[in-house]
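Worksheet for the structure shown next.
Note on naming: letters A, B, ... go to the chains in the order of the sequence lines (proteins, then strands), and numbering restarts at 1 for each one. Since the model is a prediction, treat every value here as computed from it, not as a measurement.
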Amino acid sequence: MDLSKKIVLPGEEIDINGFKQGNGLYFEDGKYYSYQLGLIQVYNNFVNVIPLSGKYFPSKNDKVIAKVIEIAPSFWVLDINSPYPAFLHVNDTPWKPASGELGKILNVGDTVYAKINEITESRQIWLSIKEPGLRKIEGGHIITVQPSKVSRIIGKGGSMVNMIKESTGVKIQLGQNGVVWLDGEPEKVLEVIKILKFIEEESTASGLTDAVRSRLEKSR
Amino acid sequence: MGMQSDIKLIDENGLRIDGRKPDELRPIKIEVGVLNRADGSAYIEWGGNKILAAVYGPREAFPKHTQNPSRAIVNARYNMAAFSVDERKRPGPDRRAIEISKVISEALEASIFVEQFPRTSIDVYIEVLQADAGTRIAGLTAASVALADAGIPMKDLVVGCAAGKIDGKIVLDLNKEEDNYGEADLPLAIIPRTQEIVLMQMDGNMTREEVRQAIEMAKKAALFISNLQKEALRAKYEKGEIQKAEENLNAEVNKGE
């Protein structure tokens, strides 16, 4: 049976064919079933079901774009577009503000590009911005896309996103949580938003890179 | 149930007042992803029933004391629009709507992997726009499609059907007249893969043997409806995506000329 690229529904039996059970599958009475709507993917001997919809579920070392929603004495509370809020402690930032003055560095509504540092057993999410490339985001536009489509937007080895960047000259920062930061000329940014929505809708189509290339060439 | 009338619900040819055979379903149509704001949605037309289902979440449960540290809570809200029945229905939750919301929540919870999302709630809104008997099951059927559309992990798509007794005969999927003037109505919902019953209620009177017969009938119909659910989901997500992309590409090329 050809496993890859098949759409499965919750409860659909999957013959894993000697591969190992990956994400998105459950085991019952000697058989494997999909537990969500998604595409089957075989990777490193593991069979996974890649969701086609749904919320973002954080995993360690993901890089996300987060928005400050609350300030506590020694940490910030941030929204990362998932069911749970995330926390950023002062010790995990390059700054050393006086206690109680966190608002001077990051205020409510500010955005950061951060890494998921730790997820505790009770689903507390701790972020960090102590790594090159991670920073406070200033200016630009924020849009959200389906988190499961982010890898499609990046493309193989970044081919898709680099093509868009080169063609339009817009700076793009993608968070695994489906939040995208764009900065450039307003018309170009609007063009990129259209293209991202196109990729999101057509994410299961083959030959998508070519379709996007022809769109970019047309708009130039 | 229980209303008296001289109407014969089954004619001399053994057909029902809408011309159906005893084991025949009303026509069913399911559409997926009809609402943009919701995380998942579905619309169902089941005979004269027209129902919208929307799913939000998993999201942080509010108020905070409702959160469960070990699993997600499933909040279904069944609501009938004021214009959904002949005589205006007084808006807002009544005893009946609260009961139906509860049994639907529990039926869906049996299939959802709630332990994956501690402290969250999964909210399901079922809005009945037009009612014609069997709305709880139609609403539940649409809700489980909406849950799949929202990407929520679950064992299987919960599906249901009703069976009942009219003019002394066991029949499938009662309509409004049959529900009002018949002898019994038995809505049933199952997890199709295991055929585990997740919702069963009964209004009226039937013998033990009749109940057994009604359950068998409703289960068989539910398995058929389960396929309609799957087709509806596939229609949205498969939609010949590859052809569609090619068509778009061709359209782009032609425009460029």
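A salt bridge does not link B/Glu216 to B/Lys220: none of the charged side-chain nitrogens sits closer than 4.0 Å to a carboxylate oxygen.
Between A/Phe75 and A/Phe87, the two ring planes are perpendicular [angle over 60°; tilted spans 30° to 60°]. Between A/Tyr35 and B/Phe113, the ring planes are tilted. Angles from 30° to 60° get that label.
Contacts of B/Gln116 with chain A are made by both backbone and side-chain atoms, with heavy-atom separations under 4.5 Å. Only the side chain of B/Thr194 comes within contact range of chain A, judged by heavy atoms closer than 4.5 Å. Of the two parts of A/Ser34, only the backbone, made up of N, CA, C and O, holds a non-hydrogen atom closer than 4.5 Å to a non-hydrogen atom of chain B. Of the two parts of B/Ala148, the backbone and the side chain both hold a non-hydrogen atom closer than 4.5 Å to a non-hydrogen atom of chain A.
Checking B/Gln229 against B/Ser144 by side-chain atom types alone, a donor-acceptor pair falls below 3.5 Å.
A/Tyr84 places a side-chain N or O within 3.5 Å of a backbone atom of B/Pro118 that can act as its donor or acceptor partner.
Interface summary for chain B: among A/Gly54, A/Pro83, A/Ser82, the most heavy-atom pairs under 4.5 angstrom belong to A/Pro83.
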